[in-house]
2 protein chains.
Amino acid sequence: MGIKISEGRKKEIILGFYQLSKVNGLENTSIAKIGKHLGMPPSLVMHYFPTREILISNLISYILQQMLLIYQPMLKELETQNYADPHTFVDRLFSRDWNLLLDDGVFYSCYSLIFRNKRIKDEYRVLHEKLREYLKDILDRDENLTGKDTELLSEQIFVVVEGAYYYLSMFDDPEVYEQKVTIFKNQVYDLLRKYEVQHL
Amino acid sequence: MGIKISEGRKKEIILGFYQLSKVNGLENTSIAKIGKHLGMPPSLVMHYFPTREILISNLISYILQQMLLIYQPMLKELETQNYADPHTFVDRLFSRDWNLLLDDGVFYSCYSLIFRNKRIKDEYRVLHEKLREYLKDILDRDENLTGKDTELLSEQIFVVVEGAYYYLSMFDDPEVYEQKVTIFKNQVYDLLRKYEVQHL
DNA sequence: TATAATATTGAATGGGTGTTCAATTTATGA
DNA sequence: TCATAAATTGAACACCCATTCAATATTATA
């Protein structure tokens, strides 16, 4: 059972780290603060994560894992029914459910670390390639797209999605936000349509 | 001349801050380190920037200003000739000259602050809106696009550009990088073409 | 129950942090 | 030249940081 306690503690610490980072920022969240937040001495935190770097590395793994969770229901549907509607998938990508699972501030703080840490960069890249493969799987099951370069299409769709997330984060006004979401969603629909039309 | 010394010092400090952040990261660059780097006591740094927050705020203004510089030659051309080729503009957006003027690591570190600081968020938004207006100006001068929704088009072009920057930062292999750049550049060209074709 | 492994504590370390302040040097303007 | 203002210095502050370590408590194993 020792291992279970250990794993539980680790999860607890990472989650505490994440929650405090959400409020105060990654750079202002110290090991001492995490300890206080969880009611344990900082030395216990360091017992499970020997250095701060390791702690951050684990936080990033957690975050990227959370990102994958957003696609989970869609992928389940894909497996059971052997089909998933690309448009529904795109809708989900643009939905705000996202924010419930993953805080943008923490996410981009961690992202900015890729420029000075190769391992983090690789982890981010692998995740993003995985996301594109998922979408490709969905597109491949769509009969309107058979024989099309779905790899290219999923690359083009995701670049719009990621650019949209980046840009939309700057807007607080819900009305403006929604208006812009619509624009980018349509942009993705246009991409899908373009490929579908060529099929006829 | 007092004012000139003051302004010179301020620029010097911001630049030192930027350079150290490039190497060590924004979060690891302290006022003491900046002072040491520039051969001055930390108290002098704080004489010109009373708090660290103000210092960061000024660094961000500098960074966004640098970002505008990339567009300067293009905008000059627009003024003198009253025309600029949209495709050339897009090429410039995807060129690597960018990195000489602005480090991506520092840029995204600062970007991640928008989620906890409204003023920074507003400054980023204004900058991005400005960029889109510049592109709109260029598109408006193109006769192939007269009467078209150039505001929408520039919005759609930039979302691809920004998504591309975000995604491409994860790739070190120059070959893969170039291959992906080509994809996204073509994606933008397709957008332009789509609008141009509708015109005929 | 005895032993070994794991979990947890609390105190201590040295070093870095942003910031303050009074004193001093240098430049400016009358 | 003299007074005033600006620039610069260096020491000091309390605080927070990641990390270490030895001691203790709990749990697992035999």
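Values below: every heavy atom of this structure, side chains too, minus hydrogens, waters and symmetry copies. Numbered from 1 within each chain, the chains take letters A, B, ... in sequence-line order.
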Undergrad: What N/O pairs connect the protein and nucleotides 22-25 of chain C at under 3.5 Å? Give each pair on its own line.
TA:
none

Undergrad: With salt bridge (Lys or Arg N to Asp or Glu O under 4.0 Å) as the rule and sequence neighbours excluded, what pairs involving residues 36-55 of chain A come up?
TA: none

Undergrad: Can you hop from A:L38 to A:L15 via hydrophobic side chains spaced under 4.5 Å?
TA: yes

Undergrad: Whether B:R9 contacts D:dA6 is assessed here as follows: a side-chain N or O lying under 4.0 Å from the phosphate OP1 or OP2. Is that the case?
TA: no

Undergrad: Can you list the residues that meet the salt bridge (charged side-chain N to carboxylate O under 4.0 Å, His left out) rule with B:D122, with sequence neighbours excluded?
TA: B:K118, B:R125

Undergrad: Along nucleotides 13-20 of chain C, 5' to 3', which nucleotides get a B, which get an S, and which get a -, given that the test is a protein heavy-atom distance under 4.0 Å?
TA: ----SSBB

Undergrad: Measure CD/A:E12 against C1'/C:dT8 and give the value in whole Å, please.
TA: 13 Å

Undergrad: For B:Y48 and D:dA6, is the shortest distance between a side-chain N/O and OP1 or OP2 below 4.0 Å?
TA: no

Undergrad: I would like to know whether B:K185 and B:E178 meet salt bridge (charged side-chain N to carboxylate O under 4.0 Å, His left out); could you show each step before the answer?
TA: CA-CA 10 Å; B:K185 222 189 263 189; B:E178 281 309 320; over 6 Å; no

Undergrad: Please report the distance, rounded to the nearest Å, between CE in A:M40 and C1' in D:dT19.
TA: 17 Å

Undergrad: Between atom NE2 in B:H47 and atom P in D:dA5, what is the gap in whole Å?
TA: 14 Å

Undergrad: Will you find, in the side chains of B:S109 and B:E27, an N or O donor that is under 3.5 Å from an N or O acceptor?
TA: no

Undergrad: Between D:dT8 atom C1' and B:K10 atom NZ, what is the distance in whole Å?
TA: 16 Å

Undergrad: Rounding to 10°, can you tell me the angle the first-five-pair axis of the helix from C:dT1-D:dA30 to C:dA27-D:dT4 makes with its last-five-pair axis?
TA: 10°

Undergrad: Quick one: which protein N/O atoms are closer than 3.5 Å to N/O atoms of nucleotides 22-24 of chain D? Pair and distance per line, please.
TA:
none

Undergrad: I'd like to check the side-chain hydrogen bond (donor to acceptor under 3.5 Å, both in side chains) partners of A:T182; sequence neighbours left out, ordered by chain and number.
TA: none

Undergrad: Quick check: does any side chain N or O of A:T51 sit under 3.5 Å from a backbone N or O of A:I54, one acting as donor and the other as acceptor?
TA: yes

Undergrad: Consider side-chain hydrogen bond (donor to acceptor under 3.5 Å, both in side chains). Of A:K194, A:R193, A:Q187, which one does A:D190 pass it with?
TA: A:R193

Undergrad: Between B:H128 and B:F158, is the ring pair (Phe, Tyr, Trp, His ring centres under 6.0 Å) condition met? List the steps.
TA: CA-CA 9 Å; B:H128 283 76; B:F158 260 109; 8.0 Å; no

Undergrad: Could you tell me which non-hydrogen atom of A:V160 sits nearest to which non-hydrogen atom of A:V188, and how far apart they are?
TA: CG1-CG2, 3.8 Å

Undergrad: Holding to ring pair (Phe, Tyr, Trp, His ring centres under 6.0 Å), I want the full list of residues that pass it with A:Y48, two or more places apart in sequence or in another chain.
TA: none

Undergrad: To the nearest Å, how far apart are A:I56 CD1 and D:dC17 C1'?
TA: 13 Å

Undergrad: With no hydrogens and no angle check, do the side chains of A:D104 and A:S169 hold a donor and an acceptor under 3.5 Å apart?
TA: no

Undergrad: Partners of B:Y134 by ring pair (Phe, Tyr, Trp, His ring centres under 6.0 Å), sequence neighbours excluded?
TA: none

Undergrad: Expected output is a numbered-order residue list: members of residues 105-118 of chain B with a heavy atom under 4.0 Å from any atom of DNA chain C. What is it?
TA: none

Undergrad: For A:L139 versus A:P86, what's the shortest heavy-atom pair and its separation?
TA: CD2-CB, 4.0 Å

Undergrad: Tell me, please, which residues at least two apart from B:E12 pass salt bridge (charged side-chain N to carboxylate O under 4.0 Å, His left out).
TA: B:R9

Undergrad: Name all residues meeting the salt bridge (charged side-chain N to carboxylate O under 4.0 Å, His left out) criterion together with A:E155; count only those two or more places apart in sequence or in a different chain, and write none if there are none.
TA: A:R132, B:K180

Undergrad: Atom CG of A:L44 to atom P of C:dT8: distance rounded to whole Å?
TA: 5 Å

